[in-house]
Amino acid sequence: MAFLAAVQELEVGFPRRTGEVVRVVRGANFAVAEGESVALVGESGCGKTLTALSLVNLLPEPGRIVGGRVEVAGKDVRALPEQELQQLRGALVGYVFQDPSSALNPLLRIGTQVAEAGVLRYRWQRQEARRKAVQLLREVGLADAEAVAAAYPHQLSGGQRQRALLAAALSGDPRLLVLDEPTSALDPLAKQRLLELFGRVQCERGLAMLVITHDFTLAALATQRVVVMYAGETVESGDTAQVLASPLHPYTQALLRCAVLLPRSEGDGSRVPLATIPGEVPAPAEWGRRCRFVERCDQDLPRCSMAHPALVEVTPGRRVRCFLHADGEGPGGQ
Amino acid sequence: MSWRSLPAHLRHGLAVLGVLTTVCVVGPWVAGDPTTIVEPAQASLLPPGSTRWVVEHRDGSRTAAQEVQRQEGGWLLTGRGEPRLIAAGEVVALRRTTFWLGTDTLGRDVLARLLWGGRVSLAVGLTALAVAMLLGTSVGLLAGWRGGLVDGVLMRLADALLAFPSLFLLLLVAAIFRPSLTALVLMLGGLSWMGVARLVRGQVLSLKEREFILAARGIGASPLRIALVHLLPNTLTPLSQDAALRLGDLILAEASLSFLGFGVALPLPSWGGMVAEAGEVLGTAWWLILLPGLAVATVVIGAALLADGLAELARLDPA
């Protein structure tokens, strides 16, 4: 299959003053096909956002991609000069960032910001930029598009800002849309409407979508495939329905026990309390040559503390990094 | 936002500076030539409100008199000392003139000099401010946004310049080069950009961590575009406060230089220069030192009020 974006054994590092490089992502693997929507799931601090930012090398200073392969539309991102990367950004990959209140420039009108990617890519002139901005705002379901285009960010509600951000990401006509925790700042109703909007926009434009989230509900509702990350690496990936129905990795299983997925059937009487996963994600320095989840795992084998499992394809399209299901060993920690 | 709803300090500062600027820009057309000397013997050190007859002679010189009488063969002038008779053919014009703010040691009209001096002082202050802002903002943006070695070199340069007392540095340069008006402006501006650069750099350092800068990079904006479209406008609020304060400083610096004789060159009047000249006759002519001194103080206070008001405005309306 031809992938629009593919990441293999990605390593993202932050150099310390001492010259040593701390690799906070090590072993991230995923791919997004044209028109497909994929969820990147994991708890806070497991490297989801950094992995997604690596797609067009938007890593915050002084972060660097220090290993692995990143390909977007057949191009090796690590080998591209900054100028060509600038052209990929917005035109091929569009980002909608997490916090709608700080992802908009407080001093520019919404219309100006929505049209910016188009102005950069298509050299829209002033009149045209204004017209397109209103059109885009309408496309994302803002009824009063003219007024919104003329407003400043602080005059909008959270939901309106989130939609404006989506419009801004769409104005460069990207083929892949990256949504970083797109609904975490919204209430359930607004969340529901926004999800419907994402689905519609994706359908109409034939977009590929990468949804970064810690919320399995969102993954279940909005995506076809899911990639589970833990401590800077991919631990499981596969068809969303399959992963949800029969999770293989103990971490995925534990995560699912923590999520309220479906309304439990009425009258069955059994109330399952929401679970938590004891402990916390180990820091990169503690990864070592073993399974990174071993300390929190309820099914660990003796081998799990002695070797680092590799990501293995167990059935077509289904991969897991766990000795319970596959034998492969991979390189360990730092 | 209406005028009434603006912070009081902002309104007062704007009013003070606005009135003063208007008066200094328009005034000189009404007030006449500040370099005109009216025969010191008759017209020097006249207190404010004095009225004299001014006689223009055919050779261009001017004399003054308290009383003028038409006599056979000419005009009889009386005033300080002996009366004088001037042949009618010698006189080109005869005017009754009121020196509203008095005259100086050379019989020049203080009002005219004050207005012209204000024009010079404000023009020097404002253009020097523009130079400082332009330099400081560019350096600050570059240092903060590029970071690394560029940042290190530029900021150490700023530190080095800041380490000298700036008046001392200005005097040194002025004493060596005897500056023209343009050079004076460049010198004043060129030695006061460091604070602006530090301020802008600090703002940029904190702004560049904000998500909208990442978002701008994410849609493919070039670093230059991000600096000018996204970073610069977001530094303008603190920058405007700094500019208002700095305007006061610069006008004061210009006045100090002129006072010490290294600023605006004679015979062009400037407030600092007027204060300096007044020092010699401090005991007899209080108006000579008081008026230009008050003018400088008023501008500096106006600028401070403006800065204060802008800070207040930023607190009220943090958009």
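Computed over heavy atoms, backbone and side chain alike; hydrogens, waters and symmetry mates excluded. Sequence lines set the chain letters: A, B, ... in the order given, protein chains first and strands last, and positions in each chain run from 1.
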Note to self: Report which part of A/Gln98 has an atom under 4.5 Å of a heavy atom belonging to chain B: side chain, backbone, both, or neither.
What the structure shows: both
Note to self: Taking side chain as everything from C-beta outward and backbone as N, CA, C, O, which of these in A/Leu104 sits under 4.5 Å from a heavy atom of chain B? Side chain, backbone, both or neither.
What the structure shows: backbone
Note to self: Distance check, rounded to the nearest 0.5 Å: B/Arg217 atom CZ versus A/Leu59 atom CG?
What the structure shows: 8.0 Å
Notebook entry, point to check: Which region of A/Asn57, side chain (C-beta onward) or backbone (N, CA, C, O), has a non-hydrogen atom less than 4.5 Å from a non-hydrogen atom of chain B, or is it both or neither?
Noted result: backbone
Next item on the list: Could you give me the CA-CA distance, side-chain angles and deciding distance for B/Val229 and A/Asn105, then say whether side chain to side chain contact (heavy atoms under 4.5 Å, CB included) is met?
Entry: CA-CA 10 Å; B/Val229 176; A/Asn105 185 335; 5.7 Å; no
Item checked: Reported CG-to-CG distance for the pair A/Asp99 and B/Leu214, which is rounded to 0.5 angstrom -> 12.0 Å
Item checked: Nearest heavy-atom neighbours spanning B/Gly218 and A/Arg89 -> O-CB, 3.3 Å
Note to self: Taking side-chain hydrogen bond (donor to acceptor under 3.5 Å, both in side chains) as the cut-off, I'd like each qualifying pair that reaches into residues 140-159 of chain B, sequence neighbours left out, listed once.
What the structure shows: B/Asp151-B/Arg201, B/Arg156-B/Asp159, B/Asp159-B/Arg198
Item checked: Nearest heavy-atom neighbours spanning A/Ala103 and B/Ala215 -> O-CB, 3.8 Å
Check: Between A/Val93 and chain B, which part of the residue has a heavy atom less than 4.5 Å away: side chain, backbone, both or neither?
Finding: backbone
Next item on the list: To the nearest 0.5 angstrom, please state how far the CG atom of A/Leu165 sits from the CD atom of B/Glu211.
Entry: 8.5 Å
Notebook entry, point to check: Do B/Ser222 and A/Glu82 come within less than 4.5 Å of each other through their side chains, counting heavy atoms only?
Noted result: no
Next item on the list: Spell out the residues in residues 111-130 of chain A that have some non-hydrogen atom less than 4.5 Å away from a non-hydrogen atom of chain B, in order of number; otherwise answer 'none'.
Entry: A/Glu116, A/Ala117, A/Leu120
